[in-house]
Chemist: 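Submitted below is the structure of interest, expressed as C-alpha cells.
What you see below is based on every heavy atom in this structure, not just the backbone, and it leaves out hydrogens, waters and symmetry mates.
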Amino acid sequence: MADLQAFRDAVSGWANGGPGGPASDLALRLGVRTAVLLEGPSDLAAVETLAARRGRDLAAEGVCVVSMGGAMSIGRYAGILGPPGLGLRLAGLCDEREQRFYDRGLKRARAPHRDFFVCVADLEDELIRALGTSRVEEIVQAEGDLRAWQTFLHQPAQHGRPRHQQLRRFLGTKKGRKIRYGHLLVDALAPDQVPDPLDDLLASL
C-alpha cells in the first residue's frame, strides 16, 4: 500500500508539472496496468471499500485508484496515464454535469470511454438514494453526528429541501466528512443495493 501511495504521489506531482520518470518507474516496478480516475478522495474511499468487501486486492491486480482533485483535471491525468503517457488502461466514475469534461479529456488522450460510468449527481447522491434517507440518518446518528445534523437542518437554506439533498449537502460541510462517509455508506449497502455506476466500475476492473 505504501508503494501504491508513492505511485499516486508521483502521478500527482507529474500532473502538476513535475517529472514523469518517478511515476513511470513505479508503475513498472509495481505492475500497474489500470488507473481508475476519480474526482476526489471520497470517491476513492467508496471504491476501495467496495473492492475490499468483495475480496478484491486491487493493488495485486495491477489496479491503482487515483483521486484527481476535480473533474477539470481529467485531461491532464488521462494524458499522462493513458495512451500518450504510461499507456495504462483507464477507467473511472464521473458526475453527469461533468461528463463533457471527461469526453473532451479522454478524446484528447485517445482513451476509450467504455469503462467510465456516470453518476446522476455524484457518488454520494447515488449512495444516499440506494440506502434510503432513513438508513443514512441512522448512520449519521451512530457516528455521533446527530447534533451537527440537527443544527444543519435548522439553517434557513435547508428549509423545504428534499431530505436526500440535505444529506448530500451535509456530508460536504466539514473537512474529511465525505471521505469518512464514503467508507461508511458503502459498508452499509446490502449486495443488491450497490449503485449501478459503482457496481459496473468494479465489474469492469
Chemist: Could you grab the distance from atom CD of E137 to atom CZ of F170, nearest 0.5 Å is fine?
Modeler: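 Taking CD in E137 and CZ in F170, the distance rounds to 10.0 Å.
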
Chemist: Please, which pairs that meet salt bridge (charged side-chain N to carboxylate O under 4.0 Å, His left out) have at least one residue in residues 126-136, sequence neighbours excluded?
Modeler: D125-R129, E126-R129, R135-E138

Chemist: Filter on salt bridge (charged side-chain N to carboxylate O under 4.0 Å, His left out), then keep only pairs touching residues 51-67, sequence neighbours left out; what's left?
Modeler: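 Applying salt bridge (charged side-chain N to carboxylate O under 4.0 Å, His left out) to every pair that reaches into residues 51-67, excluding sequence neighbours, yields R54-D199, R56-E61.
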
Chemist: Applying salt bridge (charged side-chain N to carboxylate O under 4.0 Å, His left out), which residue pairs with at least one partner in residues 74-90 are found, sequence neighbours left out?
Modeler: R89-D115

Chemist: Say you draw a straight line from CE of M68 to CG of L38; how long is it, rounded to the nearest 0.5 Å?
Modeler: 7.0 Å

Chemist: The criterion is side-chain hydrogen bond (donor to acceptor under 3.5 Å, both in side chains); which residues satisfy it with D122, sequence neighbours excluded?
Modeler: R168

Chemist: Any heavy-atom pair between the side chains of F116 and L106 that's under 4.5 Å?
Modeler: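 Yes, at least one pair of side-chain atoms sits under 4.5 Å.
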
Chemist: Test: salt bridge (charged side-chain N to carboxylate O under 4.0 Å, His left out). Region: residues 140-149. Which pairs qualify, not counting sequence neighbours?
Modeler: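 Output for this query lists E143-R180, D145-R180.
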
Chemist: For L171 and R177, which heavy atoms make the closest approach, and how far apart are they?
Modeler: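 Minimum heavy-atom separation between L171 and R177: O-CB, 3.5 Å.
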
Chemist: Show which side-chain atoms of residues 9-24 pair as donor or acceptor with protein atoms under 3.5 Å away, not counting sequence neighbours.
Modeler:
{"from": "D9", "atom 1": "OD1", "to": "Q5", "atom 2": "NE2", "distance (Å)": "2.9"}
{"from": "N16", "atom 1": "ND2", "to": "S12", "atom 2": "O", "distance (Å)": "2.7"}

Chemist: Could you tell me which residues satisfy side-chain hydrogen bond (donor to acceptor under 3.5 Å, both in side chains) with E39, sequence neighbours excluded, listed by chain and number?
Modeler: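 Listed in chain order: nothing, the list is empty.
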
Chemist: Atom SG in C119, atom CG in D43: separation rounded to 0.5 Å?
Modeler: 7.0 Å

Chemist: Are R29 and D3 ion-paired here, with the side-chain N under 4.0 Å from a carboxylate O?
Modeler: yes

Chemist: Who passes side-chain contact (heavy atoms from CB on, under 4.5 Å) against A35, sequence neighbours left out?
Modeler: L37, L81, L88, L90

Chemist: Side-chain contact test, heavy atoms from C-beta onward, threshold under 4.5 Å: evaluate it for F152 versus R169 and give yes or no.
Modeler: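 Touching, per the 4.5 Å side-chain cut-off.
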
Chemist: Can you list every side chain to side chain donor-acceptor pair (under 3.5 Å) pair that touches residues 150-162, not counting sequence neighbours?
Modeler: Q158-R161

Chemist: Indicate yes or no: at least one non-hydrogen side-chain atom of L93 is less than 4.5 angstrom from one of L123.
Modeler: yes

Chemist: Quick one: ring pair (Phe, Tyr, Trp, His ring centres under 6.0 Å) partners of Y181, sequence neighbours excluded?
Modeler: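 Ring pair (Phe, Tyr, Trp, His ring centres under 6.0 Å) check on Y181 returns nothing, list empty.
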
Chemist: Which atom pair, heavy atoms only, marks the closest approach of E124 to S42?
Modeler: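 Taking E124 first and S42 second, the nearest heavy atoms are OE2-OG, 2.7 Å.
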
Chemist: Regarding E48 and R8, does a basic nitrogen lie under 4.0 Å from an acidic carboxylate oxygen?
Modeler: yes

Chemist: Among residues at least two apart in sequence or on other chains, which ones pass side-chain hydrogen bond (donor to acceptor under 3.5 Å, both in side chains) with T133?
Modeler: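 So T133 forms no side-chain hydrogen bond (donor to acceptor under 3.5 Å, both in side chains) with any residue.
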
Chemist: About how many Å separate CG of L127 and CG of L131, when rounded to the nearest 0.5 Å?
Modeler: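 Output value for this atom pair is 6.5 Å.
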
Chemist: SG/C94 to CZ/F101 distance, rounded to the nearest 0.5 angstrom?
Modeler: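 Going from SG on C94 over to CZ on F101, the span is 11.0 Å.
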
Chemist: Could you grab the distance from atom CG of L58 to atom CG of L50, nearest 0.5 Å is fine?
Modeler: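 Here the interatomic distance stands at 9.5 Å.
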
Chemist: Which heavy atom of A109 sits nearest a heavy atom of P84, and at what distance?
Modeler: O-CD, 3.2 Å

Chemist: Residues two or more places apart in sequence or in another chain: which of them pass side-chain hydrogen bond (donor to acceptor under 3.5 Å, both in side chains) with T49?
Modeler: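 Checked T49 against side-chain hydrogen bond (donor to acceptor under 3.5 Å, both in side chains); matches are H183.
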
